[in-house]
Amino acid sequence: MTAKIVTISSGKGGVGKTTTVANLAVALASEGKKVVCIDGDIGLRNLDVVMGLENRIVYDIVDIVEGRCKTRQAMIRDKRLPDLFLIPAAQTRDKNAVSPSDMIRLCDELRAEVDWVLIDSPAGIERGFRNAIAPADRVLIVTNPEMSAVRDADRVIGLLEAEEKAAPSLILNRLNPSLVRRGDMLSVEDVYDLLRIEVIGIVPEDENVIMASNKGMPLTLEGKSRAGQAFRNIARRLAGEQVPFLELEAQNLWERLARLGRK
């Protein structure tokens with residue numbers, strides 16, 4: 001195995017980044033891939049709660065870095081998917097407890113063991129962000145269709161360019177087509193025109209997301225939710241498949257985005 005390291009980031013908190021990590025991890029593991037999630041938000045860990053693993057933490061990422069445990073000892077196996085693991089963040093330390101070189105060493109160790117490593121980056125552009133992007137082969141930026149979130153996403157794109165990372169891809173989360181039609185929410189085209197990066201996924205607004213996160217049961221574990229289907233589609237695109245976008249409106253979004261990409 002040679003794992004692909006994917007960091008999921010955002011400029012603004014509260015856009016659904018951690019939920020995205022959990023759902024993509026479940027989707028990839030459901031397809032028979034071995035997946036490790038790393039919670040990079042040291043001091044404010046939440047990925048364990050969204051994945052329903054908060055009661056099983058013994059060691060965390062700082063314990064690995066400081067030599068108190070081996071990497072495998074800190075990897076919590078998911079209760080439902082045997083090939084899905086979590087390395088949790090430390091809750092009582094700050095982001096300076098881990099360095100970019102620490103993250104690179106950890107991910108290099110995991111590369112030979114798994115298919116995918118998904119890193120949940122803290123929101124913003126400080127030390128935690130730099131830790132999270134250091135080992136990344138690819139970065140996904142999560143944003144909502146609102147100006148403040150898009151502006152912060154643009155800032156992250158600029159920092160990735162400065163770090164000479166490959167061009168990131170965008171996940172547009174919580175899109176509400178009815179608000180877009182009324183002109184009360186940015187459209188896919190609006191966001192693309194502002195950011196000009198590949199759109200890898202569009203996730204519709206879905207109240208089930210919050211309920212699933214509160215229960216520690218990512219939506220991709222069940223097949224009824226349109227948001228869950230959107231996350232499964234993003235995972236397939238990450239793996240290299242050509243998957244049409246969900247038809248959230250009458251016009252096919254795949255065709256619209258293909259036209260946007262030619263502009």
Side-chain angles (χ1 to χ4, degrees), residues 2-25 28 35-47 50 60-62 64-65 71 74 85-90 93-111 114-144 149-173 194-201 234-235 237-239:
T2 303
K4 296 179 181 177
I5 314 295
V6 181
T7 296
I8 293 85
S9 184
S10 67
K12 183 176 185 291
V15 297
K17 173 180 48 60
T18 298
T19 299
T20 297
V21 174
N23 279 284
L24 292 183
L28 290 165
V35 183
V36 175
C37 299
I38 299 176
D39 190 342
D41 199 356
I42 296 171
L44 291 170
R45 71 182 181 212
N46 286 306
L47 187 54
V50 175
D60 57 48
I61 190 171
V62 175
I64 298 172
V65 167
T71 300
F85 299 85
L86 167 68
I87 296 176
R93 301 289 294 274
D94 64 30
K95 293 171 177 61
N96 291 320
V98 176
S99 70
S101 60
D102 291 328
M103 290 294 289
I104 291 170
R105 281 194 296 271
L106 173 58
C107 289
D108 282 348
E109 180 183 348
L110 291 169
R111 279 186 193 276
V114 302
D115 297 297
W116 294 90
V117 176
L118 303 185
I119 302 173
D120 185 8
S121 170
I125 56 176
E126 303 303 329
R127 172 65 173 268
F129 166 77
R130 297 185 187 281
N131 289 344
I133 66 168
D137 301 317
R138 184 169 187 179
V139 179
L140 307 182
I141 297 175
V142 181
T143 191
N144 296 154
V150 172
R151 181 176 61 186
D152 289 347
D154 188 50
R155 175 72 170 133
V156 171
I157 293 168
L159 289 172
L160 291 170
E161 290 174 352
E163 295 286 337
E164 299 184 344
K165 289 289 181 181
S169 300
L170 185 73
I171 296 174
L172 186 59
N173 194 28
L194 289 165
L195 299 180
R196 289 287 169 173
I197 61 173
E198 173 201 18
V199 180
I200 194 173
I234 295 168
R237 293 185 197 109
L238 262 183

Of D115, I234, V35, the one forming a side chain to side chain contact (heavy atoms under 4.5 Å, CB included) with L28 is V35
Taken to the nearest 0.5 Å, the spacing of M103 CE from I133 CD1 works out to 11.0 Å
Smallest heavy-atom separation, L238 atom then W116 atom, equals O-CH2, 3.5 Å
Look only at the side chain of N144 and the backbone of V15, and say whether a donor-acceptor pair between them is shorter than 3.5 Å. yes
Rounding to 0.5 Å, atoms CD1 (I197) and CG (L140) come to a distance of 9.0 Å
* Asked: Any sub-3.5 Å donor-acceptor pair from T7's side-chain atoms to A132's backbone N or O?
  -> yes
Query - Check: D39 side chain, C37 main-chain N or O, donor-acceptor pair, under 3.5 Å - result: no
Counting only N and O atoms by type, is there a donor-acceptor contact under 3.5 Å from the side chain of K165 to the main-chain atoms of A136?
yes
Please walk me through it: do D120 and D41 pass side-chain contact (heavy atoms from CB on, under 4.5 Å)?
CA-CA 7 Å; D120 185 8; D41 199 356; 5.5 Å; no
Rounded to the nearest 0.5 angstrom, the CD1-CZ distance for I200 and R237 is 7.0 Å
Tightest non-hydrogen contact, residues I8 and V6, listed as CD1-O, 3.7 Å
- [ ] Say whether, by atom type as modelled, one donor and one acceptor occur between the side chain of D102 and the main chain of V65 under 3.5 angstrom.
- [x] no
dist L195:CG -> L170:CG (nearest 0.5 Å) comes out at 6.0 Å
With a 3.5 Å cut-off and no angle check, do the side chains of S101 and S99 form a donor-acceptor pair? yes
ask   = Charged N to carboxylate O below 4.0 Å: is that the case for D108 and R111?
value = yes
Please lay out, stage by stage, how T71 and L106 fare under the test side-chain contact (heavy atoms from CB on, under 4.5 Å). CA-CA 8 Å; T71 300; L106 173 58; 3.7 Å; yes
With I38 as partner, the option from L86, L110, I5, L118 fulfilling side chain to side chain contact (heavy atoms under 4.5 Å, CB included) is L110
CG of L160 to CZ of R155, rounded to nearest 0.5 Å, is 11.0 Å
Here the gap from I171 atom CD1 to N23 atom CG, rounded to the nearest 0.5 Å, amounts to 10.0 Å
Closest heavy-atom pair, A90 versus I61, reported as atoms and distance to 0.1 Å, is N-CG2, 4.2 Å
Correct closest heavy-atom pair for N173 and G16 would be ND2-CA, 3.7 Å
Exercise. Judged by atom type as modelled, is there a donor-acceptor pair below 3.5 Å linking the side chain of K17 to the main-chain atoms of I141?
Worked result: no
Closest heavy-atom pair, P88 versus A74, reported as atoms and distance to 0.1 Å, is CD-O, 3.6 Å
| For the side chain of R127 and the backbone of V98, is there at least one donor-acceptor N/O pair under 3.5 Å apart? | yes
Return yes if some donor-acceptor pair links the side-chain N/O of T143 with the main-chain N/O of A149 below 3.5 Å, else return no. yes
### Query
Within a strict 4.5 Å, meaning less than it, do heavy atoms of the C107 and I119 side chains meet?
yes
Exercise. Quick check: does any side chain N or O of D137 sit under 3.5 Å from a backbone N or O of K4, one acting as donor and the other as acceptor?
Worked result: no
Nearest heavy-atom approach of V114 to A3 is O-CB, 3.2 Å
| said: Quick one, L194 and D154 - any side-chain contact, counting heavy atoms below 4.5 Å? | reply: no
Side-chain heavy-atom pair V156, S10 within 4.5 angstrom cut-off | no
In plain terms, say whether E161 and R196 are close enough for a salt bridge, that is, a side-chain N and a carboxylate O under 4.0 Å apart. no
